[in-house]
Enquirer: 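Structure provided below as structure tokens; questions to follow.
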Amino acid sequence: MIELEDIEKTYTRPGAAPVHALAGVSLHIASGEFVAIVGTSGSGKSTLMNIIGTLDQPTAGRYRFERTDVAQLDVAAQARFRNRHLGFVFQAFHLLPRASALENVELPLLYSGNEPPAGAGRRALEAVGLADRLHHKPTELSGGQQQRVAIARALVNEPTLLLADEPTGNLDPKSADDILDLFEALNRNGRTVILVTHDQRVAARARRVIRIDAGRVASDEVRDFAHTAAREETR
């Protein structure tokens, strides 16, 4: 699905030394994977996610999504690409405070350019376990429920890829586990999930962990879940 080849990103400011956020990152991520990108603050992990999500452009290198060189698309084409293929979940929920859960979820449908399927917002909320909270405002929901609304909003256009940047950062441990359970369920149902985190406990829930350090891939590990499950069954 995703092919990154020698991706570099340099930020420049007048009178200041350039900042090399990414320095030659090459990755392939297949459809259906659940990947955690981990690293300390300033490692380049969020920059990498922003480039995958076309929220930022690489200084050099090639990024292909399903064989399309998305870095070569113009601004309007990239916006259509994001709306059609990508769903975003962030640490801050970014919900409209005066809108209901259903109205928040349906916002991306306004920009799709197509007639939205009837009941799409309702189905997205049902998928994240909030069928009984359709008309609640964000202030009437817990932090975990607000993040579920944000996930439903990311899913309403049925994106190919779900991108999550520190999605549990504002949640208590129980709510964080519930959100990670939801990501795992979405992945089991075929959704490709990439999450960015500095939390090793969160990263441990992914099937593949890519560590970024100083703008480079420091390690890339695929976890043996079958072996782990078999070992836990024998305890």
Enquirer: Taking a hydrophobic cluster as the set of Ile, Leu, Val, Met, Phe, Trp and Tyr residues connected by side-chain heavy atoms closer than 4.5 Å, whether directly or through intermediates, do I29 and I7 fall within one such cluster?
Expert: yes
Enquirer: Name the atoms and distances for all side-chain donor-acceptor pairs under 3.5 Å in residues 129-144, with sequence neighbours left out.
Expert:
residue: E140; atom: OE1; partner: K137; partner atom: N; Å: 2.8
residue: S142; atom: OG; partner: Q145; partner atom: N; Å: 3.2
residue: S142; atom: OG; partner: Q145; partner atom: OE1; Å: 3.4

Enquirer: Under 4.5 Å between side-chain heavy atoms, hopping through other hydrophobics if needed: is there a path connecting F183 to V35?
Expert: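 No; tracing contacts between hydrophobic side chains, which count when under 4.5 Å, never links both residues.
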Enquirer: Could you tell me which residues satisfy ring pair (Phe, Tyr, Trp, His ring centres under 6.0 Å) with F34, sequence neighbours excluded, listed by chain and number?
Expert: none
Enquirer: With sequence neighbours left out, which residue pairs that include part of residues 56-86 fulfil the ring pair (Phe, Tyr, Trp, His ring centres under 6.0 Å) condition?
Expert: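 Listed once each, the pairs are F65-F81, F65-H85, F81-H85.
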Enquirer: Applying salt bridge (Lys or Arg N to Asp or Glu O under 4.0 Å), can you list everything that pairs with E3, at least two apart in sequence or on another chain?
Expert: R64
Enquirer: Check A127 against L182 and note the closest heavy-atom contact, atom names and distance.
Expert: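 In this case the closest contact between A127 and L182 is O-CD1, 4.1 Å.
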Enquirer: Only counting residues at least two apart or in another chain, list the ones meeting ring pair (Phe, Tyr, Trp, His ring centres under 6.0 Å) with H94.
Expert: F90
Enquirer: Determine the minimum heavy-atom distance between N83 and P108, stating which atoms define it.
Expert: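 Here N83 and P108 meet closest at ND2-O, 3.4 Å.
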Enquirer: Of all the heavy-atom pairs spanning A77 and D74, show the shortest one and how long it is.
Expert: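 Closest pair (atom of A77, atom of D74, distance): N-OD1, 2.7 Å.
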Enquirer: To the closest 0.5 Å, what do you measure between NE2 (H20) and OG1 (T12)?
Expert: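 If we round to the nearest 0.5 Å, H20:NE2 and T12:OG1 are 10.0 Å apart.
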Enquirer: So, using salt bridge (Lys or Arg N to Asp or Glu O under 4.0 Å) as the criterion, who are the partners of D181 when residues are at least two apart?
Expert: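 Partners of D181 by the salt bridge (Lys or Arg N to Asp or Glu O under 4.0 Å) criterion, ordered by chain and then number, come out as R205.
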Enquirer: What heavy-atom pair brings P159 and G87 nearest, and what distance separates the two atoms?
Expert: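 Smallest interatomic distance, heavy atoms only, reads CB-N, 3.5 Å.
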Enquirer: For residues L155 and R191, determine if any side-chain heavy atom of one lies less than 4.5 Å from a side-chain heavy atom of the other.
Expert: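 In short, these two side chains touch, coming nearer than 4.5 Å.
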Enquirer: Does one hydrophobic cluster hold both V89 and I37, with members joined at side-chain heavy-atom distances below 4.5 Å?
Expert: no
Enquirer: Atom CD of E158 and atom CZ of R84: how far apart are they, to the nearest 0.5 Å?
Expert: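 Those atoms lie 13.5 Å apart.
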Enquirer: May I ask you to decide if T192's main-chain N or O and N187's side chain share a donor-acceptor pair within less than 3.5 Å?
Expert: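 Such a contact is absent between N187 side chain and T192 backbone.
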Enquirer: So do L96 and L107 actually touch side chain to side chain, heavy atoms under 4.5 Å?
Expert: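 Answer yes - side chains close enough.
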Enquirer: For R123, I'd like to know if atom CZ has over 12 heavy atoms of other residues, nucleotides or ligands within 6.0 Å.
Expert: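 Yes, CZ of R123 has more than 12 neighbouring heavy atoms, counting only those of other groups under 6.0 Å.
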Enquirer: Are side-chain heavy atoms of T160 and E66 found at a separation under 4.5 Å?
Expert: yes
Enquirer: Could you list the donor-acceptor pairs under 3.5 angstrom formed by side chains in residues 48-62, with sequence neighbours left out?
Expert:
residue: N50; atom: ND2; partner: S46; partner atom: O; Å: 3.4
residue: T54; atom: OG1; partner: R82; partner atom: NH1; Å: 3.0
residue: D56; atom: OD1; partner: K9; partner atom: NZ; Å: 3.2
residue: D56; atom: OD2; partner: Y11; partner atom: OH; Å: 2.7
residue: Q57; atom: OE1; partner: Q78; partner atom: NE2; Å: 3.2
residue: Q57; atom: NE2; partner: Q78; partner atom: OE1; Å: 2.8
residue: T59; atom: OG1; partner: T10; partner atom: N; Å: 2.9

Enquirer: Between I2 and L161, is any pair of side-chain heavy atoms under 4.5 Å apart?
Expert: yes
Enquirer: List the residues meeting side-chain contact (heavy atoms from CB on, under 4.5 Å) with A214, not counting sequence neighbours, and say none if there are none.
Expert: none
Enquirer: With distance as the sole test, does S43 use its side chain to make a donor-acceptor pair with the main-chain N or O of T40 at under 3.5 Å?
Expert: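 A pair under 3.5 Å: yes.
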Enquirer: Side-chain atoms of residues 195-202: list all donor-acceptor pairs with protein atoms under 3.5 Å, sequence neighbours left out, distances to 0.1 Å.
Expert:
residue: T197; atom: OG1; partner: D199; partner atom: N; Å: 2.9
residue: H198; atom: ND1; partner: E166; partner atom: OE1; Å: 3.3
residue: H198; atom: ND1; partner: E166; partner atom: OE2; Å: 3.0
residue: D199; atom: OD1; partner: R201; partner atom: N; Å: 2.8
residue: Q200; atom: OE1; partner: R211; partner atom: NH1; Å: 3.0
residue: R201; atom: NH1; partner: D177; partner atom: OD1; Å: 2.8

Enquirer: Kindly compute the distance separating CG (D69) from CD (E5), expressed to the nearest 0.5 Å.
Expert: 9.0 Å
Enquirer: Applying the 4.5 Å side-chain criterion to the ILVMFWY set and letting contacts propagate, would I210 and V25 be lumped into a single cluster?
Expert: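 Same cluster: I210 reaches V25 through Ile, Leu, Val, Met, Phe, Trp or Tyr contacts under 4.5 Å.
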Enquirer: Enumerate the salt bridge (Lys or Arg N to Asp or Glu O under 4.0 Å) contacts for residues 10-28, please, sequence neighbours excluded, ordered by first and then second residue.
Expert: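 Matches after skipping sequence neighbours: none remain.
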Enquirer: Tell me the closest heavy-atom pair linking L162 and A154, and the distance in Å.
Expert: CD1-CB, 3.6 Å
Enquirer: Which residues satisfy the salt bridge (Lys or Arg N to Asp or Glu O under 4.0 Å) test with D178, sequence neighbours excluded?
Expert: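 In terms of salt bridge (Lys or Arg N to Asp or Glu O under 4.0 Å), with neighbours along the sequence ignored, D178 is linked to K174.
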Enquirer: Linking I/L/V/M/F/W/Y whenever any side-chain heavy atoms sit under 4.5 Å apart, do L180 and L163 land together?
Expert: no
Enquirer: So which atom in A218 and which in D213 form the shortest heavy-atom distance, rounded to 0.1 Å?
Expert: CB-CB, 4.0 Å
Enquirer: So, do T47 and I212 sit near enough that their side-chain heavy atoms are less than 4.5 Å apart?
Expert: no
Enquirer: In chain order, what residues pass the side-chain contact (heavy atoms from CB on, under 4.5 Å) check against R67, with sequence neighbours excluded?
Expert: none
Enquirer: Does R148 reach the main-chain N or O of V128 with its side chain, forming a donor-acceptor pair under 3.5 Å?
Expert: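 Judged by distance alone, yes, a pair lies under 3.5 Å.
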